[in-house]
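For reference, the structure discussed in these notes is given below.
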Amino acid sequence: MAAEQDSILDIRGVAKRFDSVVALRSADLKVRAGEVHALMGANGAGKSTLVKIITGVFPADSGDILIGGERKVFRSPAEARQAGIVSVYQDPAIVPDLTVAQNMRLARVGLDAVRTAMRSLGVERVDLSRAAREIDFATLRLIDLSRALASNPRILLLDEITAALPIDLAERVFAVVRDWRKRGASIIFISHRMAEVAALCDRATVLRDGVTVGVTATQGAEEKIVNMMLGTEVAKAAVSGAARAKQTASAAAPALEVRDLACGHGLRGVSFAVRPGEVLGVAALEGQGQEELFDCIAGVRRPDAGEIAADGKPLRFRHPADAVRAGLVLVPANRLQALLPQRPIRENVALPIFGRLKNWGPIAMKDERRRVEEAVRRLQIDTRASSELKRLSGGNQQKVAIARWLAAGFRVLLCFDPTRGIDVGTKRQIYSLLREVAQQGASVLLFTSELPEIRLACDRAIVLFGGRISGEMPADDADEARLLRAAHGLIAADAEATA
Amino acid sequence: AAGKYIVGVSNTLIGNGWREEMICSIKAEAEASGLVSKVIVANRNGGPSEQIADIRNLISAGANAIIINPSDREALNPIIKQAADKGIVVVAVDQAVSAPEAYVLTNDQVDYAKLGAKWLFDKLGGKGEVVEMRGIDGVPADADRHQGFDEVLKNYPNIHVTSIFTGWALNKTAQATKDLLASGKQIDGVWTSGIDSTVVDAYQTAGKPFVPVVGADNNGFIGQLINLKDKGLTGAAVSNPPAVGGAGLGLALDVLQKKEHPHVVKITPTVWDNTSEAGMDELKKAYNQKLDPFYSVAINVPPYTHYTMEQILACKGP
Amino acid sequence: MSAVLQFLKARTIVALILLLALFLIGIELVRPGTVTPLWASNALLFAAPLAIMGAGQTLVMLTGGIDLSVASVATGAAYLLATNASSGDFSAIALALALGLVVGAVNGVGVALLRVQPLIMTLGTGLMTGGAMIVYSQQMLASQPHVPAIIQTLGAGKIFSLVPVDLFLWIAVGALMLYGLNRTGFGRLIFAVGDNREACHLAGIRVWRVLFVDYLLCALFAAIAGLVLVGGTNAADLSLADSYLLPSVACVIIGGTSIFGGRGGYSGTIVGALILTALTSLLTLLDVAEPLKQILYGAIILSLAAAYARLTE
Amino acid sequence: MTDVSAADSGGLVRFVSRRTRLLGMPALFVACILATALIHPDFGSFDVQSLALGALPLAMAAAAQTIVVISGGIDLSVGSLIAVSNVLAASLMQHASFGASLGIAVLILILGAAQGAINGLTVAISRIPDVVVTLTTGFIWGGVALLILERPGGGAPAAFLNIAAGADVSAWLPNALIVMIVVIAAIWLPIKLSRIGLLLYASGSDPVAAFRSGVDIRVARTLAYTFGGIACAAGGLALTMTTGIGAPLAGTYYTLSSVAAAVIGGVSLAGGRGGMVGPVIAALLLTLIPMDLVFLGIDPNYGQVIQGTLIVVVVMIGGFVTFMQERK
Ligand SMILES: Nc1ncnc2c1ncn2[C@@H]1O[C@H](COP(=O)(O)OP(=O)(O)OP(=O)(O)O)[C@@H](O)[C@H]1O
Ligand SMILES: Nc1ncnc2c1ncn2[C@@H]1O[C@H](COP(=O)(O)OP(=O)(O)OP(=O)(O)O)[C@@H](O)[C@H]1O
Ligand SMILES: [Mg+2]
Ligand SMILES: [Mg+2]
C-alpha cells in the first residue's frame, strides 16, 4: 500500500496487440519518485511498446496509466512532454534533414537548456547548425538525450540508449542519470547489459511475453532477473562463455590477412591476420577507425593504401558483391542499413542468394524454406510478426541481419557490434553461434562495444586507437581493465610484450 | 532561292497529324515561293501563355511574317498588336483571332459542322438517334463546331442527340463506340469531329450494320467511303484542309509585297458524300492510297498555295 | 465482422475484387441493363492494353520509380508497326518491340548507372521518343501505312464474338508477372531494391543490373501494349497512347502498390485496370455533361480508394 | 577522452559543398543566359521580359509543388487548381474595376487556400496515398474549371493586366519578374521563417521522428497543401494576367512541369530536402530552353528531343557533382 502511494507512475494491466501479434498482455509497472527503475525483458518482451504507450505514440488497447495518482492518456508525445514525461526512443527521433538546432525548436525545447544538457554529456562541441544526418549515430543518441533533458522531465524513459554507445560515452550517460535522480526525477532505464543495470538502477521490473513477471531490487539480483526474463529452464540451458573450445594455433594460411590498411582520416595503417576457425575480437572506443576497417574489408569503401588478402590471395573490391563472392560478409552496425523493412523475414534472410545472376531465375522454394528455417531456428528468431520485418522487435531484427549470412554461407564473418540491443539470452546464443561457426572452419572478425564480450566469444583480441593497433592479446588476458587501457592508447608496449 | 523574308510559325499542339500537315504546307509554300530565307517553327504543347511566349521569341528572332494557329481568340491580341507595330505581318490560320491588325484565314468551323450535320439529318429523314462525337471540351474549334451542330439541330426537332467527347484520340473513340454498340442503344447516325475511320472500324469489328457517318477529309475515311460502299457504308466527308497553313503564308507574302488583301478570309468547306455521283467522283479523285490515313487529302488551297504534292510530302522548308 | 476485416487485411486483393464487384453492382443499379456479357467482353478487350502497360509500370514502381515514357513508347511502337507493315509483319513487329528495348535501355542506363531520378529520366526520354517519332513521321507521309491482320486480330478480335483475343496475351503476361515477382530471384530483387537500396548494396547485389533490366522490361511491356492498342484502332497517330499515361500509373496505385517501392504486386494492378476501364465505359454510357463526367471519375476513384484503405488498414 | 564533436575538420568542406548546392542552379542559369546571348546577339530587354512573362505561371506552379514535395507529398492537381483560379478570375473580373479586380484576386487566393486545404485534409484523414488523392482531385477540380467556363473567355481590366506587363522600374527589370519574386517571397518567407517551415521539412524528412518530436503530421500535411493551394491560385491569377482570359485547359501543362521544375531545382521527391530558389530558377530555365530553340531556328521536330535531353542532362550534372563530392 505504501509503495503504491509513492508511485509517481503506476501502470496497471496495459495490453496492446498489433493485428495478430500480442505485444503486451498485461503489463504492470510502478515507478517511485527519484528512482532509477530498470525495465527488463528479452527481445520482443514488449518494453519498447510500453514506452510508446506511456508517451502517447499509440494508445493501449486496455489498462490504466496513472500519473501522480491521476488517470492519464496522452494522445501524442508532445502532450506527454508537456506533462513532464519524456522519452528517448530506441530508434532515434531526430529528423535527419534538419539541423540540430532546428530539431530542438521542433520539439519546442530551449537552446540554452539543450546546451547545458549537452555540456553535461560532453558533447557541447557539436555544431548546432549541422544537419543531423551528418552526425554519427552515437553522438545523435546523446543529442536526443540532451533534448529530452532540456525539457526538464519528471519522468525520463531511456530505451536502450547505451546499446550503441561505447563505454566512455555510456559512463557519461550514467553520471547524468544519477544527477537527475538526485534532483528528484524518475528514470525508466531499458538495457540488455546486466552490469549497467546492477550498477545504476534501484529496482527492476521484468516483462516476459508481454506480462510483468516480477519486481525486484537490482542489488545482487542478476541471476534472479535473468531467470525471470527467460524462464528458468531456458536460462539454465544458455551457454556460458566458459564452454568455449580453445583454438589450437593452426599453421593453415590465414583466412583473412590485412596489411597496412589505411582509409581516410580514420584508419592509418592496420595489419593483422585471422586464421581459419578463429574468432578475432576488435575493441575500440568510438571513432578509432573500426568502421573504416570493417567497411574496407567488406568492399563498402575503397582503402587508400594497404592490402587485403583472403586465403593468401590479394583482393581488390570495387563493390560489396566482390567481397561477398570472396566470402567476406558484413553484419553492419546499423540494422536499418541491412534490412528490408517492408518484406517478410524469409525474403530478408534469402536476399544475398540472389546477388548472383544465375540465381535470378526460378527459386527452389523448398530449398529456400529449409535454409531460412534453419537459420531462423539457430538464432531463435521470434517469427510471430514475420510478414513485415519492421514489425519485429529491435533485437529480432538484429538477429535477421546475422541469419542471412548463415543461410548464404561465408568464409569470414565481419560482425560489427552484433549484440547491440540483444537480450542476455540471445547474446549467449550469438556467442555460441560464433564459436560454432568458427569450429566448422570459418573465421569471425568481431567488433564489440561491450568489452566483456571479448573474453566470452573471442580467441584473440586487437585494440584500435587512433587508426592503429594499440594492443593485441589472447582473449584470456583481455579483461576489461587491460582492454580499456589499450583503447586509450596507454599500453601499446605492454601489449606487445604479452604477444 | 535567294529569299529575303524570315517566317515564324507558332503551333501549340504537337503529335497531331493535321497540324503536322499544316506545318508541312507552310514549309512547302515557303520553298515554292522562293521569297523566304528561313522558316522558324515554335512548336510545343501549350496554352495561350506558352503561345504568347513563342510569338515574342519569334518577334525577337527577326521574323517578317508570323503564321499562328491560335490557341485562343482574344488572348494573343496584345502581342499581335506589338508585332504589327513592328511591321510584322501576322496571319492567324485555322482558328480566328479578334485582333484587327491580324489577317485571318480560317476554315469555317461553324460551317464545317453545319454542312455535315445537315447532310446527316437529311439522310435520316429528319428523325432518329444521332451520336455527336466531339473533340476536347474547352477547346475553341470544338466549341465552334458544336455551335454549328446545334444551330442545324434546331431545325430538326425529331433528331435526338447523344454527345461524347473523344478527345480526338483514336483509342478513346474506339472504346466509346464499342461501348455504345454493346449497350444496345439505338443509333441511326454518327457525326464525328474528325476521328472518323475509327468509328467505321468499330462497326466492322462488331459486325453491326453500318449507319450513316459524317467525317472529315481524312485519307483513311475517304478510302472507307469508296471501298465499303458495297458493304452498305454511306457517309460524307467534310473538307477541313490543313493547307490553310500554306495559304496563310501565301497571303502573308502577298501582303509583304504590298498587295492589298481583306483581313478576314473564310474558306468554306465542301461536302463529298458517297451517295451521289458527283461526290463519289470527288472522293475518288482525292483518295491517295499511299498517304497516311490521318492526313487530309486536300493539299492545296487555291489561289493561295503554289506547291506540288511532292513538295508538301517532302516537308522541307528553305 | 472483425473476422471478415481480419481476412481482408491479410488478403488485400480480395478486398479489391470485392470493390470491383460492388462497383459493377452499382453500375447495374444506376443504369440497368449495362452489365451484359458483351459489355464485359468489351471491358476486358480495352482493359488488356492498359493492364499490360500497367505490368511494366508495376515493375518500375515496385523499385520506387515511375516511368513516364510508356505512353510515348507505346505510341512509337504502334506507329513504327503501321509504317513498316509493308515490309513484312514479322520485321514490323520486331522493329516495334526493338523501340521498346532501346528506350528501356536508355532509361535503364540513366536511372541505374547515372542515378537520374526516374521521374525526370523518363519524362526526358518520353519527350525524346515523341520528338523522334515526329521527325520520323515527316519522312513517312506517303508510306502507305496499315496494321497487319495478325495485330488487328490481337487488338480487336474476339473468339465466338465474346472472348477477346488480347485476353490471352494478358493472361500470359499476368502469369509471367505473378510467377516472376513471387517465384524468381529477379522478382525478389525488385521488391528488395524498392524497399532498401542500400541494404541490397551491402548484401552484395549489383543494384544497377536489377534496375536496368527492370526499365528494359517496362518499356518492352509498353511497346507490346502499343501493338495491342494499334490493333484495336486499326490506325496509328502520334498521340495514340497519350491518354494511357496517367491511367497506367493510376491502375498500379489503385492496385495497392506503394509509390515508394517495396510493397505491392501485379494482382492489384489487374483489378485496378479493370476498375478504371469499367469506370470509363460507365461514364460514356451515362449521358451527362463532360465536366460532370470528370468530377464523377475523380470522385468515384477517390471513394473506391478510401473504401480500400478502410478495408485494409 | 575521445573527441566526439567532429565539428572542426569537415567544416570547410561542408561550407563549400553547401554553397555549391546553393549556387549551382544560379550559376547554371547565368551560363545559359550567356549562351543565349551568344546564340542571339540581339538578346535584350525585350527578351528578358519574354522570359519573365513566360516563366511567371510556371514559377508559381513550381513553388506550389515545392512546398508540397518538401512536406513529403506530391500534388498532381496543380494544373487543375491553376485552371480553376484562372477561369474564376477571368469570369469574375471581366467587367470589374481595377480596385474590384484586386479584391477578387484576394478572394481567389483564399479560395485557392481552401481548395488546397481540402486536398490536404483528404490526404491527412483518409490515409490514401497523396498521389491517388491529388490525381483524383485533379480530375474533380478540372471538371469544376470546365463548369465555371466551358470555353476560353472572360477577361480582366486593363490595369490588372498591366501589373505584369512592361517594365516600369528599368527595362532590364520587367514587372513580371518583380511580381514573381514578390509573390513567391510573400508565400515562402512566412513559411520558411516561422515554425511552419520546420514542421514541413520535418514531416517530409522523417514523419516518425517528427511525430515523436511533437509534430502533428496531419496538421503539417494540411498546411503544406494549403500553402500549395495559395501558390496555385497565384499561378492562375498570373495566367489571367499574362493572357487576359480564362482557359479551362490552360492549367494542364503545369502539373508535370511543376514536378520537373521542383526536381531540377534540387527538391528531393522523398521529401524534406530542397529550397525555393532552385525551383524558381529551374522554371526560368525551362522557359529559356524553348526560347533558345527558336533563336537557333532549330527544326521544331528536333525541339522536343533536345528539350528532353536537356532536362535529363541538367539533372545528370547535378547528380554527378553530388556523386563526386560523396566519393571524396
Ligand atoms: N508496429 C508493430 N506492428 C506489429 N507488431 C509489432 C509492432 N511493434 C512491435 N511489435 C511486436 O510486438 C512485440 C514487442 O515488441 P517491442 O518492440 O516492444 O519489444 P522490446 O521488448 O522492445 O524488444 P527489444 O529488446 O528487441 O527492443 C514484438 O513481438 C514485435 O514484433
Ligand atoms: N551521379 C552519378 N553520375 C555519374 N556516375 C555515377 C553516378 N552515380 C554512380 N555513378 C557510377 O555508376 C556506376 C554504378 O554505381 P554503383 O556501383 O554505386 O551502383 P550499383 O552497384 O548499381 O548500386 P549499389 O551501389 O546501390 O549497389 C559506378 O560506376 C559509379 O561510378
Ligand atoms: Mg525495444
Ligand atoms: Mg555500388
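Order of the sequence lines sets the chain letters (A, B, ...), proteins ahead of strands, with each chain counted from 1. Side chains are part of it too, since the values below use all heavy atoms of this structure and drop only hydrogens, waters and symmetry mates.
For the atom pair CD of C:Glu290 and CG of D:Leu147, the computed distance is 10.5 Å after rounding to the nearest 0.5 Å. One finds the CD1 atom of C:Ile254 at 8.0 Å from the CG atom of D:Leu135 (value rounded to the nearest 0.5 Å). One distance of note links OG1 of D:Thr137 with CD1 of C:Ile295; it measures 12.0 Å at 0.5 Å rounding.
Interface residues of residues 248-267 of chain D toward chain C, defined by a heavy-atom distance below 4.5 Å and sorted by number: D:Leu256, D:Val259, D:Ala260, D:Val263, D:Ile264. Residues of residues 259-279 of chain C that come within less than 4.5 angstrom of chain D, heavy atom to heavy atom, are C:Ile259 in numerical order.
For a residue to count as touching a neighbouring chain, one of its non-hydrogen atoms must lie under 4.5 Å from one of that chain's; by this rule D:Ser268 does not touch chain C. Contact annotation for D:Val313: neither backbone nor side-chain heavy atoms come within less than 4.5 Å of a heavy atom of chain C. For C:Leu68, the part lying near chain D is the side chain, with the backbone staying farther off; criterion is any non-hydrogen pair under 4.5 Å.
In plain terms, the two heavy atoms of D:Val312 and C:Ile120 that are nearest each other are CG2-O, 3.9 Å. The two residues D:Gly143 and C:Pro291 come nearest to each other via the heavy atoms O-CB, 3.4 Å. The two residues C:Val116 and D:Met316 come nearest to each other via the heavy atoms CG2-CG, 3.6 Å. Between C:Ala305 and D:Val132, the shortest heavy-atom contact is CB-CG1, 3.9 Å.
Each of D:Leu146, D:Asp130, D:Ile140, D:Leu310 has some count of heavy-atom pairs under 4.5 Å with chain C, and the biggest count is that of D:Ile140. Chain C forms the most heavy-atom pairs under 4.5 Å with one residue out of D:Ile306, D:Thr309, D:Ile311, D:Leu76, and that residue is D:Thr309. Put simply, of C:Leu123, C:Leu119, C:Thr125, the one with the most heavy-atom pairs under 4.5 Å next to chain D is C:Leu119.
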